[in-house]
Amino acid sequence: MCGIYSSLSTNKMLCSDFLISLKELEYRGYDSAGLVTLDKNKKYKSYKTLSKIDDLKLKISKEESSSLLIGHTRWATHGKPNIKNCHPHIIENLSIVHNGVVENYDDLKKNKIFKNVKFKTDTDTEMILLLIYNYCKSNSFINAVKKTIKLIKGSNAFVCSNIGKGINELAAYKNNTPLYFGIKNNGEKVFSSDVNAMSNSLKGYYYLDNNDIVHITNKNTALYNKKNKRIVLKKIVDSNFKRPKIVSSCYTYSEIKDQKKIISTYGKNIQKIYNVVRKIKKPNEINIIGCGSSYNAGLLAKAFLEKNSNIPTSVYRPSEFNFFLNNKNKLFIFISQSGETADICSLIESKKEFFSNSLSIVNNDDSRLVRESKYNINLNVGLERGVAATKTFSSQILVLNIISKILSKDNNNLVFPSSSVINKLFSYEKEIIKLSKKYSKFKNLFVLGRNYNFPIACEAALKIKEISYIHAEGAPSSEIKHGPIALFDNKFPVIFLVSNKKETIHSEISSLNEVISRTNNIFLIAPDTVVKKLEPKTLSKIDVIAVPDFQNDMAPILYLIILQLFSYHLAKSKKLNIDQPRNLAKVVTVE
Ligand code: AGP
């Protein structure tokens, strides 16, 4: 979603360096980008693009520098993605970049302040700027900002600049959508919606609390809390960031490959996880809440928790959470790789008392969700930049499995797939590329799996949809006769996941045969031993990848990796933008 990056310094900063940081926000998803600099007459000069940050680089000379830089990546929520609506917006001495939505836009527009005012854009951002502009007529800049935030409602963060005689100043405000204030080693002061974007030479940073305002000038920094009281900025966190190494030009592919090491060495995190879980009283019931892939991880966690720890578990999307249930002896597990997903954060914040016994599982320690939950476990897999969750999803599964074992007091029995097992999966890549070329021609796909493989089928369908734009549905293979079978024909291929669970293997194979008799296009993923037992006649009709036999809770991860590679190659063969699929954002900060 939208990203803010803005910087003020006593010295001039190279725009090209600034763009490197702005580019770090790209992974969040955006449809336009812009920045303002100060020209030699100390007037705003703006650059905008409907393309990538690299396009801004082409528009700005290599030598251009400025002591004030205001940048933004926009993911349109209020007004179409076009140059007119692209941030920063400027009125005379003021300029603004904004993330979020002014929820009372329509009501506010009736305010007398806007009588006879002609809006130049379709954005709610312009309304914030016009309010500040109007209040500036009879107030100082900072008081104008303070008056403005009293009027706007919703999840919003903005940085507004004011250029004056001998003084340049920035005011930043945030409510519910993330904003960090950072100080660089050279004294430069920055605001960013993502701590990674400002990580280079960062001395320390502060995560703005809701309704904080940070006011900076060339000389001073002041922090005002929601009661409008000036407070001491003492929570500056020392920075020890390292930018992750990228092993390929595509982040998603690199992140799929990162799992080779992550999975086989995940055991190193057990003690940390144990230290958190041992503080939690064993609950009578667990409710898991998450969106998208995190929801799918929750489905698998339900199976782990019910089987290993004997604790009844329900899984919810935050918007569907049922408040009629009571919270007695319940543990609420919130799963979110970003920790900033608006739906999930608003839910926990809406009833703090109800969710007081909460555990969050995130990949970002300094996030809104972590701040709201009682206990927290970090996935610890490094920043994930591809919009499609890959390494964060597999680590969610690992953490949740470890939790289920700790709650069952059976944590001696934790075996992760070794690097040779994982490498074996990657050795099938050539075969997967061939299959993805074949299946990329179709418009629809079913992914079927049973037990632990059902959540994996749902996750694979989500991956296929989001990066290859092929309609895909995940369903339990045991359910086909209750509906899905109506769709099977030669134009509707099926990816079929068969387990090696002795209680269900016969019915899984009989469902497979039912599918074989209705479509010619079947891609089977099954354990080696199972494939070996299939009739040659059956094998001649289907595409097969045999995964190593792995007899424990971690077996679904083997199917997952094959399917992540398959989704990636489907998208690659269609020449799509895999890291930033259309319309999607990595961090969904707006409900
Ligand atoms: C996953 O591939 C998707 N990009 C998406 O469904 C994602 O899992 C969802 O938006 C939840 O994000 P979170 O884990 O950061 O809360």
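When a ligand or atom number is given, it counts from 1 through the structure's own listing order.
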Can you list the ligand 1 atoms lying under 4.0 Å from a non-hydrogen atom of [X]?
| X | value |
| --- | --- |
| Ala388 | 2 (O) |
| Lys463 | 1 (C), 2 (O) |
| Ser293 | 1 (C), 2 (O), 6 (O), 8 (O) |
| Cys291 | 8 (O), 9 (C), 11 (C) |
| Ala389 | 1 (C), 2 (O) |
| Ser294 | 8 (O), 13 (P), 14 (O) |
| Ser336 | 13 (P), 14 (O), 15 (O), 16 (O) |

Would you kindly check if the NZ (Lys) or CZ (Arg) of Lys260 is within the cone defined by 45 degrees around the ring axis of Phe426 and under 6.0 Å from the six-membered ring centre?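 Yes, Lys260 and Phe426 form such a contact.
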Against the six-membered ring of Tyr375, is Lys279 placed for a cation-pi contact (under 6.0 Å from the centre, within 45° of the normal)?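 Verdict for Tyr375: no cation-pi partner in Lys279.
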In the protein, what heavy atom is nearest to [atom], and what distance, to one decimal place, separates them?
| atom | value |
| --- | --- |
| atom 3 (C) of ligand 1 | Glu466 OE1, 3.3 Å |
| atom 15 (O) of ligand 1 | Ser338 OG, 2.7 Å |
| atom 10 (O) of ligand 1 | Val588 CG2, 4.0 Å |
| atom 6 (O) of ligand 1 | Gly292 CA, 3.2 Å |

Atom [atom1] in [X], atom [atom2] in [Y]: separation rounded to 0.5 Å?
| X | Y | atom1 | atom2 | result |
| --- | --- | --- | --- | --- |
| Asn521 | Phe442 | CG | CZ | 3.5 Å |
| Ile464 | Glu459 | CD1 | CD | 10.0 Å |
| Asp343 | Ile289 | CG | CD1 | 12.0 Å |
| Lys257 | Ile422 | NZ | CD1 | 14.0 Å |

N/O to N/O below 3.5 Å, does that happen between Gln337 and ligand 1? yes
Polar atom proximity, Val387 to ligand 1 (N or O, under 3.5 Å):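 So ligand 1 has an N or O lying under 3.5 Å from an N or O of Val387.
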Are the ring centres of Tyr452 and Tyr559 closer than 6.0 Å? no
Test ring-ring contact (aromatic ring centres under 6.0 Å, His included), reference Tyr316, set Phe323, Phe334, Phe332, Phe321, output is Phe321
From atom 16 (O) of ligand 1, work out which of Ile344, Thr390, Thr341, Leu462 has a heavy atom at the shortest distance. Thr341
I'd like to know whether NZ of Lys268 has more than 12 heavy-atom contacts from other residues, nucleotides or ligands below 6.0 angstrom. yes
